[in-house]
Amino acid sequence: MTHRLTFGRPAPGAQRTPRGWEWRWTGAAVMGILNVTPDSFSDGGRHAALQDALAAAQAMREAGVVILDIGGESTRPGAAPVPAHEELDRVLPVIRALRSADVLLSVDTMKPEVAAEALRAGAHLINDVTGLRDPQMRRVCAEAGAPACVMHMQGDPQTMQAAPHYADVVAEVHGYLRAQAREALDAGVPDVLLDPGIGFGKTLEHNLSLLRALPDLTAGPHPVLIGASRKRLIDFMASVPHAADRDPGTLALHLHAARCGAAVVRAHAAAAHVQALRVQAALGGGDRTRPPGPRRTLDSGVMHHTDTERA
Ligand code: 7PJ
């Protein structure tokens with residue numbers, strides 16, 4: 001399955017087209033997670049955090065990674081919000097150090113002011129777990145010519161896992177994503193990726209319903225991102241209490257997502273994902289809707305260790 005994402009300005013790997021700069025790929029690309037939160041680092045120091053992040057990014061680049069998702073705020077269930085200036089102090093040095101590297105830089109943020117500064121500093125893509133609900137976030141992306149990942153979340157990170165409830169989870173999440181995509185494109189955002197938000201205000205049953213319905217979402221006009229890396233649904237499915245032990249289950253889930261047409265999988269164990277996706281592609285198993293044949297996936301990166309928890 002071939003995927004496309006349009007940028008309003010040049011981006012690494014994107015080709016000039018009449019509509020902008022188009023990034024085109026086959027199979028699922030791996031987005032390597034690059035957390036720059038002090039709790040990801042043993043000594044908590046800012047300089048050490050930056051050095052660790054750059055070393056992880058370098059390793060990912062050498063492994064051929066094409067997208068890094070840089071995050072300066074934890075969105076784990078119950079996590080405390082981080083002020084914008086603190087988030088910027090974490091992510092800007094990483095963006096500045098990597099902006100001339102041949103890699104797409106995504107910034108995982110909910111704050112328009114952080115997105116604006118990050119895009120000015122050289123980031124290419126915004127990953128907003130609040131789905132561009134804030135009109136200011138849509139304006140920021142539109143003005144910078146930056147596509148965005150629009151994710152579904154019920155509630156907010158502080159409360160979302162308290163009592164998730166849906167009458168029809170698939171209809172509600174897919175409907176929400178379609179509506180947010182329309183709002184974003186109408187506001188001038190050049191393109192969107194859609195993400196059902198695994199673990200964001202969802203029980204195991206809700207997550208499973210969304211994963212089973214993935215072919216319906218990937219049949220639509222927008223590329224789809226799935227991020228289940230080390231989340232608690234892996235524990236619920238396979239009894240793996242420690243997040244750091246959940247990479248095998250994560251990989252199984254992401255291979256399923258790739259077969260169902262996901263365009264991007266967001267992962268900590270990025271190198272293992274690249275290897276597994278290449279084998280899946282060589283077997284002709286990238287998707288079930290086309291006859292088997294040789295296909296290629298974009299190269300991707302190696303893991304960066306963090307310990308996140310999510311249902
Ligand atoms: C996701 C994300 C996800 C997108 C996080 C964690 C929590 N962005 N940011 N999708 N999860 N688009 O990695 O456990 O699922 S942060």
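First listed ligand is number 1; within each ligand, the first listed atom is number 1. These figures come from a predicted structure and were not determined experimentally.
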S.K.: Contact between C149 and ligand 1, counting heavy atoms under 4.0 Å?
M.R.: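 C149 counts as a contact of ligand 1 under the 4.0 Å cut-off.
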S.K.: Ligand 1 and K231, any nitrogen or oxygen pair closer than 3.5 angstrom?
M.R.: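 Looking only at distances, the answer is yes, because the N/O contact criterion of under 3.5 Å is met.
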S.K.: Tell me the contacting part of R230 for ligand 1: side chain, backbone, both, or neither, using a 4.0 Å heavy-atom threshold, strictly below.
M.R.: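 Neither; nothing of R230 gets under 4.0 Å from ligand 1.
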S.K.: Measure up the Y166 and H206 rings against each other and bin them: parallel (under 30°), tilted (30 to 60°), perpendicular (over 60°).
M.R.: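 Judged by the thresholds at 30° and 60°, the geometry between Y166 and H206 is perpendicular.
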S.K.: Backbone or side chain, does any N or O of H268 fall under 3.5 Å from an N or O of ligand 1?
M.R.: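 Such a contact does not occur with ligand 1.
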S.K.: Are any of the N or O atoms of V129 closer than 3.5 Å to those of ligand 1?
M.R.: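 So ligand 1 has no N or O lying under 3.5 Å from an N or O of V129.
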S.K.: Side chain, backbone, both or neither: which part of I226 has a heavy atom under 4.0 Å from ligand 1?
M.R.: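 Within the 4.0 Å criterion, I226 makes no contact with ligand 1.
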S.K.: Using the rule given for side-chain hydrogen bond (donor to acceptor under 3.5 Å, both in side chains), can you reason through D247 versus T250, listing the C-alpha separation, both sets of side-chain angles and the distance that settles it, and then say yes or no?
M.R.: CA-CA 5 Å; D247 289 332; T250 299; 4.5 Å; no
S.K.: Mind checking whether W25 and H3 have parallel, tilted or perpendicular rings, split at 30° and 60°?
M.R.: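 Tilted.
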S.K.: Side chains of L253 and L233: does their closest heavy-atom pair fall under 4.5 Å?
M.R.: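 Counting from C-beta outward, L253 and L233 do come under 4.5 Å.
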S.K.: Hey, is D69 touching ligand 1 through its side chain, its backbone, both or neither, going by heavy atoms under 4.0 Å?
M.R.: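 Looking at D69 and ligand 1, no heavy atom falls under 4.0 Å.
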S.K.: Are Y176 and L210 in one and the same hydrophobic cluster, where Ile, Leu, Val, Met, Phe, Trp and Tyr link if side-chain heavy atoms are under 4.5 Å apart?
M.R.: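 In one cluster with Y176: L210, yes.
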S.K.: Give the numbers and elements of all ligand 1 atoms closer than 4.0 Å to a heavy atom of D195.
M.R.: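 Answer, ordered by atom number: 3 (C), 4 (C), 10 (N), 12 (N), 15 (O).
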S.K.: Can you sort out which atoms of ligand 1 are near M151, meaning under 4.0 Å from one of its heavy atoms?
M.R.: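 The list of qualifying atoms is 3 (C), 4 (C), 10 (N).
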S.K.: With a 4.5 Å limit on heavy-atom distance, are the side chains of M160 and Q154 in contact?
M.R.: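 In short, these two side chains do not touch, never coming nearer than 4.5 Å.
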S.K.: Would you say that P81 contacts E73 through its side chain, given a criterion of any heavy-atom pair below 4.5 Å between the two side chains?
M.R.: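 The answer is yes; the side chains approach within 4.5 Å.
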